[in-house]
Amino acid sequence: MDIASLLPLTTPRLTLRRFTPGDADDLYAYQGLASVARYLYRPAHTRERSEEVAAERADKTAWGADGDKVSLAVCRRDEPGLIGEVSLTLASAHAAQAEIGWTIAPGHQGHGYATEAAATLAGFAFETLGVHRLYARLDVENTGSVRVCERLGMRREAHLVENDLDGDRWGSEYIYAALAADLRAAGLDVAGSARGAGQHAHP
Ligand SMILES: CC(C)(COP(=O)(O)OP(=O)(O)OC[C@H]1O[C@@H](n2cnc3c(N)ncnc32)[C@H](O)[C@@H]1OP(=O)(O)O)[C@@H](O)C(=O)NCCC(=O)NCCS
């Protein structure tokens, strides 16, 4: 399926919309920072890489095959431009397993935007895309991301010890996961607010 017609998603304070090539400057403003790339196991983006990424993301709205990834720009409803991104990757179409990710520009962190965006994307994943289990992988030192997972009501399922190499540092990761029922129990609105939500399509 193509989820383009189901976008944007909205939350009380945010719009989650498709990227456009014109987002390159806003994207580079945070993806170009070493502090943002610190736990992403890759270098900070160059300006050219941000241009490529914005253009690539604009076209990626397919959902149904293993590896399909949709990234959405997180925008405040009360000001222009974007403040970050959330993503959903279909790890297994057969088992309806998806990975969620989030990044918020440093100047907009500490306001609950990552949690608000992720809760709505999780709702969309469960209720509209038919995802059965949603998981996040994060560096154990990424305390901001750990707190987002825990606010969402995700369960810490695994602690992988020195399973990756980040420059010259051995990286260890947590895997957090949730089923729809877990998020409902945490009191989050997993129904989401997608335009056109209400379909229950298996990915
Ligand atoms: C991970 C990341 C998105 C977390 O951002 P964040 O702003 O801390 O997360 P939230 O948007 O959910 O904000 C939560 C904070 O806002 C505060 N807050 C303020 N107003 C709030 C509100 N209305 N609702 C909820 N929280 C609110 C909370 O108290 C919380 O602060 P605390 O963690 O000090 O207790 C951010 O650190 C980031 O982008 N890092 C770089 C990229 C990255 O590592 N991504 C994850 C890879 S796994």
Side-chain angles (χ1 to χ4, degrees), residues 9-16 19 23 26-46 49-50 53-54 57 69-79 81-89 91 97-125 133-167 169-178 182-183 186-190 192-193:
L9 310 184
T10 56
T11 79
R13 297 179 296 173
L14 306 169
T15 300
L16 314 183
F19 273 88
D23 289 326
D26 286 349
L27 192 59
Y28 179 59
Y30 64 89
Q31 289 286 13
L33 301 175
S35 62
V36 167
R38 182 168 175 204
Y39 296 122
L40 302 180
Y41 293 82
R42 59 157 176 75
H45 283 178
T46 60
R49 182 65 192 137
S50 288
V53 168
R57 288 177 176 180
K69 179 172 182 176
V70 176
S71 296
L72 300 177
V74 176
C75 307
R76 280 176 53 161
R77 292 168 71 165
D78 61 351
E79 62 177 44
L82 64 92
I83 64 163
E85 63 196 59
V86 284
S87 67
L88 208 54
T89 305
Q97 308 281 308
E99 180 173 359
I100 190 168
W102 41 68
T103 295
I104 295 291
H108 293 276
Q109 292 175 11
H111 298 282
Y113 294 134
T115 302
E116 187 169 316
T120 290
L121 187 62
F124 179 66
R133 174 177 168 273
L134 190 65
Y135 69 91
R137 290 178 72 119
L138 41 140
D139 192 282
V140 298
E141 294 179 6
N142 193 347
T143 52
S145 214
V146 165
R147 285 199 290 270
V148 173
C149 290
E150 292 183 348
R151 271 192 292 274
L152 287 172
M154 299 175 92
R155 169 173 52 239
R156 187 184 294 177
E157 290 189 341
H159 179 181
L160 310 177
V161 179
E162 298 193 359
N163 64 310
D164 208 344
L165 194 56
D166 181 22
R169 177 184 74 97
W170 288 108
S172 297
E173 289 181 295
Y174 291 138
I175 296 175
Y176 276 83
D182 297 324
L183 269 68
L188 294 170
D189 172 20
V190 297
S193 51

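Hydrogens, waters and symmetry mates play no part in the numbers below; they use all other heavy atoms, side chains included. Atoms within each ligand, like the ligands themselves, are counted from 1 in listed order.
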field: side chain to side chain donor-acceptor pair (under 3.5 Å) against Tyr176, all qualifying residues, sequence neighbours excluded
entry: Glu150, Arg156
task: Please name the pair of heavy atoms, one in Glu116 and one in Thr11, separated by the smallest distance, quoted to 0.1 Å.
output: OE2-OG1, 2.6 Å
statement: Applying side chain to side chain donor-acceptor pair (under 3.5 Å) to Arg155 and not counting sequence neighbours gives Asp182
Residues lining ligand 1 [heavy-atom distance under 4.0 Å, listed by chain and residue number]: Arg13, Val36, Leu40, Trp102, Thr103, Ile104, Gln109, Gly110, His111, Gly112, Tyr113, Ala114, Thr115, Arg137, Leu138, Asn142, Gly144, Ser145, Arg147, Val148, Arg151
query: Judged by modelled atom types alone, do Asp139 and Tyr41 share a side-chain donor-acceptor pair under 3.5 Å?
result: yes
field: Partners passing side chain to side chain donor-acceptor pair (under 3.5 Å) against Arg133 (at least two apart in sequence or in another chain)
entry: Gln97, Glu157
task: Decide, yes or no, whether a salt bridge links Asp164 with Arg137 under the criterion of side-chain N to carboxylate O below 4.0 Å.
output: no
